[in-house]
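Bear in mind that the values here come from a model prediction, so they are computed numbers and not experimental data. Lettering of chains follows the sequences in order, A, B, ..., and the numbering in each one begins at 1.
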Amino acid sequence: MTVTFMMDGKEVTAQDGQTLLDVARENDIDIPTICFHEATTANGLCRMCVVEVEGQRVLQPSCIVKAGANMKVQTRSEKVIRARKTILEMLASTMDLSDAPDILTMMDEYGASHERFPDAERRESDVKDDNPMYIRDYSKCLLCWRCVQVCAEDAQYTFAINFEGRGYETQIATFFDKPIPETTCVMCGQCVGVCPTGALKPKREFLLESGKSPAEISVMNTGKKQRKPR
Amino acid sequence: MIKSDRVTTTTCPYCGVGCTLQLHVKDDFIYKVTSPFDSPVNHGNLCVKGRFGYDFVYHPKRVTTPLVRRYLLEGKPKPEGREQVFAVSVDGKPIPDSKISNDWDWLETDWETALNFVADNLTRIYKRDGSDAMAVYCCAKATNEDNYLLQKMYRAVFRTNNVDHCTRLCHAGSVVALQQAVGSSAMSNTASQVVMNDVFIVTGSNTSENHPIIALQMKEAVQKHGAKMIVIDPRRIDLVDMAEMWLPLKPGTNVPVFTAMAYVIVEENLVNHDFINDRTEGYTEFLSSLESFTPEYAEEISGVPAEDIRKAARLYASAENAAIYWGMGISQLSHGTASALALINLAFLTGHIGRDGTGLNPLRGQNNVQGASDMGAMPFHYPGYMRVDNPENRAKWEKAWNIEEGGLSLKLGLTTTEILSHVHEGGIRALYIMGENPMMSEPNLNETRKHMQHLEFLVAQDIFINESGAFADVFLPATPFAEKDGTFSNTDRRVQRVRAAQPPRGHARPDWQILCDLALRLESRLGLATAHWAYSNPEEILREMASVNSDYAGITYDRIDKVGLIYPVPTLDHPGTPTLFKESFPRGKGKFHQLDYIPVMEEPNDEYPFILTTGRLLEHWHGGTMTRNSALNEIYPEARVEIHPADAEIHGIRNGDPVKVQSRRGEIVVRATVTEKTTVGVVFLPWHFAEAAANLLTNDVLDPQAKIPEFKACAVQVFPVREGDLPNPEVMLERGRY
């Protein structure tokens with residue numbers, strides 16, 4: 001079954017079950033995404049991919065809204081642009097985007113200001129360096145949920161991490177905030193592989209960034225074991 | 001943020017899954033590994049080894065300069081005995097605190113000197129004692145090209161088939177069984193087809209730890225595609241959590257359990273008569289051998305309830321598409337061939353083979369064990385599984401290698417296990433080891449040690465001085481996967497590229513270059529016409545092999561640049577063959593085999609009341625040459641023996657207590673993990689840890705056909721000892737998943 005509808009004034013067709021984002025990409029219409037990832041289930045969390053659909057009260061996240069017959073979709077209307085710009089400005093006001101070049105590029109593209117919300121409380125926390133494989137720096141986390149998804153049914157079926165807290169306090173955490181080695185984590189790093197902002201990072205990349213030389217890092221691998229005396 | 005100098009796409013060096021890796025390099029230092037999400041095998045997923053376990057490349061203990069023993073370099077007579085030395089002498093000074101004769105010190109030297117010592121000594125022994133004194137271990141970690149060259153060197157120069165590698169210790173039973181019944185010895189389907197199964201059996205495989213990415217696909221099959229998984233394994237492995245059924249059989253009772261399933265399938269007329277008539281032979285004889293294998297009989301032997309055997313048989317036989325995936329729990333037994341044949345009989349009975357989403361799928365362990373076998377790194381076969389005792393095959397390779405007619409040996413060579421047991425005057429005198437570690441991987445290591453010590457000359461070509469290389473006379477520093485080009489063939493029969501991400505460290509050289517250099521030296525010393533060793537790149541090596549081995553004939557580096565090809569690829573425009581046996585089996589008809597139940601060699605008794613079964617861990621790799629020299633060792637630094645709570649209580653063992661595990665052949669001291677992951681009467685040990693090597697305990701009895709040792713079952717006793725008896729009295733990092 002195929003459906004035909006209008007996107008940015010152009011007639012497009014979609015296979016049954018395709019989302020608006022799928023159709024846009026097939027037709028070379030650029031819709032920016034942040035939380036969307038080809039390897040995870042789309043959730044419409046970040047709202048960067050919103051589009052305007054005629055007759056709908058609010059903007060629709062194109063990553064989850066299915067294409068329907070006779071829809072009229074605007075991917076770059078004024079309302080859409082304003083929403084995306086505001087999302088970017090809110091992100092920039094609360095988190096560290098220094099390791100998220102794609103988002104920084106989007107900010108330039110949308111003319112988003114880093115200073116739009118100068119009084120916003122920044123989400124800051126210490127780097128969690130609790131295992132030899134990867135670090136977690138939740139100051140850089142935008143809660144896209146991909147790490148939780150790949151740790152669960154989207155890849156690994158390990159369920160070591162989830163959301164913790166509510167509202168503004170929401171964070172990704174292990175259960176009872178235990179250090180990684182004490183959780184069910186198998187250290188596959190699927191989460192590191194899908195993190196868009198450098199909040200999750202291989203330990204060696206982190207060490208190299210902190211100014212350690214390759215020679216110093218190589219020796220650290222053989223350093224003191226993180227073991228407790230019995 | 002670090003900007004990489006380059007990103008090199010290559011293939012993971014650990015298990016047989018063959019995941020695609022992207023190595024991110026800055027200043028010749030790999031700081032990150034990622035995987036593309038469109039990678040055909042792993043879809044962007046990796047395990048802890050693939051994603052984080054590459055740091056052995058930079059480990060300070062890695063050897064990057066050729067080493068020879070002091071006695072050789074200083075022209076002294078070879079000292080008595082043969083000693084393991086792990087440290088390298090600095091500036092030629094004796095190794096301090098060494099209780100071993102200084103003549104055994106390792107001294108650094110140049111390639112010229114090291115290769116000349118190797119060439120001189122190998123030719124000396126060959127001229128004196130002939131072909132039968134020479135033997136070589138190829139390497140399932142090395143590339144197809146490396147393995148092809150090493151077997152070529154031993155066959156073409158020393159005219160011997162004493163060529164083998166660790167396939168003998170892992171899937172030899174499966175390979176022989178498949179050759180007998182089907183005529184081919186690889187997985188019949190690709191691992192990613194597991195999502196097409198309605199029912200699948202996982203047996204003798206702890207897939208989550210040993211083939212982690214295939215386990216993800218199995219879990220996906222169950223969770224997202226409604227497949228039913230039947231786990232048949234003595235351990236309550238991770239997959240059991242998602243299984244429809246778990247049949248906890250006693251180690252070594254595969255034949256009665258699977259044959260009882262066959263009994264049920266026949267009894268309840270769930271057989272696929274069309275398939276049996278069209279595609280198989282020996283069914284009538286097979287039927288007559290089934291009589292005694294009632295589920296009740298199997299229950300008595302295996303401990304699996306007869307009703308569960310019936311239910312599993314019905315599930316498997318009634319499925320539209322069903323497949324069997326197995327690991328070393330099937331093959332590593334003194335009747336490993338029979339165990340695998342029992343599985344093959346099931347597939348023949350039900351016709352669950354020859355279609356997508358079905359099949360007989362031995363999960364191959366090493367990244368390139370399939371490839372090394374394909375390359376002829378085996379004592380009975382040239383590349384392409386051409387028997388060495390067939391003069392027609394011999395003639396083909398004589399032509400390819402520029403050898404006089406009748407020059408190559410027709411005599412079957414010795415297997416891995418036999419090579420070491422034949423080390424004596426008049427037997428094997430010189431051994432060349434590329435990348436393997438028999439001092440960890442052979443059964444009954446106390447015996448192995450004696451054999452290693454009795455060698456006249458030993459060459460190790462590796463990246464670390466491991467437990468075996470520590471016995472060598474000359475050490476040739478090779479490059480790991482990240483510093484060489486070539487191909488690996490994964491468990492799916494997918495031939496994929498390996499690419500250098502950085503130049504060799506120090507003076508290390510890629511294996512293929514070392515071998516070509518050495519072969520030329522050997523040929524000139526022996527006055528042989530050259531078999532051709534002047535390759536300018538690894539692809540020329542692969543093409544030479546493919547010119548005789550039709551399975552690889554259509555594979556070029558250009559064709560596998562982005563995505564690997566699944567052999568057989570007989571022509572340059574052939575798309576590859578993901579599913580085998582669609583029309584027929586290589587031997588014509590599939591052959592049913594009649595089986596008898598043969599118990600494991602050592603049954604428990606009052607003195608040795610437990611069955612010890614051995615296996616692997618997610619965090620480590622085999623003999624540990626790579627992973628014990630990696631940060632992986634920090635998350636799993638010591639061996640632990642798993643014992644069931646009921647057994648632990650009887651023997652007064654608490655979780656974490658130090659215990660001695662003792663068999664008729666050896667003993668080790670480790671901490672105990674009291675866990676229901678193992679079954680009553682069975683204890684489990686990983687074999688990665690040299691300081692508590694499980695293979696000191698294992699039984700070196702062999703399967704008569706496949707010559708594979710019985711790693712999966714021997715009798716042991718376990719009793720508490722003192723903290724101070726531990727080889728390493730620190731406590732392991734607290735881990736939630738254990």
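In this structure, the side chain of B/R51 engages the main chain of A/C188 through a donor-acceptor pair within 3.5 Å.
In A/E38, the CD atom is crowded: over 12 heavy atoms of neighbouring residues, nucleotides or ligands sit closer than 6.0 Å. Crowding of B/K26 atom NZ: a count of heavy atoms from other residues, nucleotides or ligands under 6.0 Å exceeding 12. The neighbour count for B/K228 NZ, taken as heavy atoms of other residues, nucleotides or ligands under 6.0 Å away, does not exceed 12. Residue B/R722 places its CZ atom among 12 or fewer non-hydrogen atoms of other residues, nucleotides or ligands, all under 6.0 Å distant. For OH of A/Y168, the number of neighbouring non-hydrogen atoms (other residues, nucleotides, ligands) closer than 6.0 Å is greater than 12. Within 6.0 Å of the NZ atom in B/K224, the count of heavy atoms belonging to other residues, nucleotides or ligands exceeds 12. Residue B/M1 qualifies as enclosed at atom CE: its count of foreign heavy atoms under 6.0 Å is above 12. When the shell of 6.0 Å around CZ of A/R166 is examined, it contains 12 or fewer heavy atoms from other residues, nucleotides or ligands.
Atoms NZ and OG, on B/K61 and A/S218 in that order, are 14.0 Å from each other to the nearest 0.5 Å. Between the CG atom in B/D55 and the CE atom in A/M133 there is a gap of 7.0 Å [rounded to 0.5 Å].
Of the residues considered (B/K49, B/H24, B/K32), B/K32 shows the highest number of contacts with chain A, using heavy-atom pairs under 4.5 Å. Ranked by non-hydrogen atom pairs under 4.5 Å with chain A, the options B/V57, B/V48, B/D27, B/D238 are led by B/V48. Of the residues considered (A/C185, A/G189, A/P202), A/G189 shows the highest number of contacts with chain B, using heavy-atom pairs under 4.5 Å. The residue among A/T183, A/T184, A/V194 with the most heavy atom pairs within less than 4.5 Å of chain B is A/T183. By number of non-hydrogen pairs under 4.5 angstrom with chain B, the leading residue of A/A39, A/A155, A/S98, A/P101 is A/A155.
You'll find the side chain of A/V186 reaches within 4.5 Å of the side chain of B/L618, heavy atoms only. Using a 4.5 Å heavy-atom cutoff, the side chains of A/I217 and B/F29 are in contact. Between A/Q156 and B/N45 the shortest side-chain heavy-atom distance does not fall below 4.5 Å. Using a 4.5 Å heavy-atom threshold, the side chains of B/D241 and A/Y157 count as separate. Looking at heavy atoms from C-beta onward, A/Q190 lies in side-chain contact with B/L216 at the 4.5 angstrom threshold.
For chain A, the nearby parts of B/Y31 are the backbone and the side chain; heavy atoms of each come within less than 4.5 Å.
Ring-plane geometry between A/Y134 and B/F52 is classed as parallel, the angle between the planes falling under 30 degrees on a 0 to 90 degree scale with a further cut at 60.
Cation-pi check for A/R204 over B/Y54 is met; the charged atom lies under 6.0 angstrom from the ring centroid and within 45 degrees of its normal.
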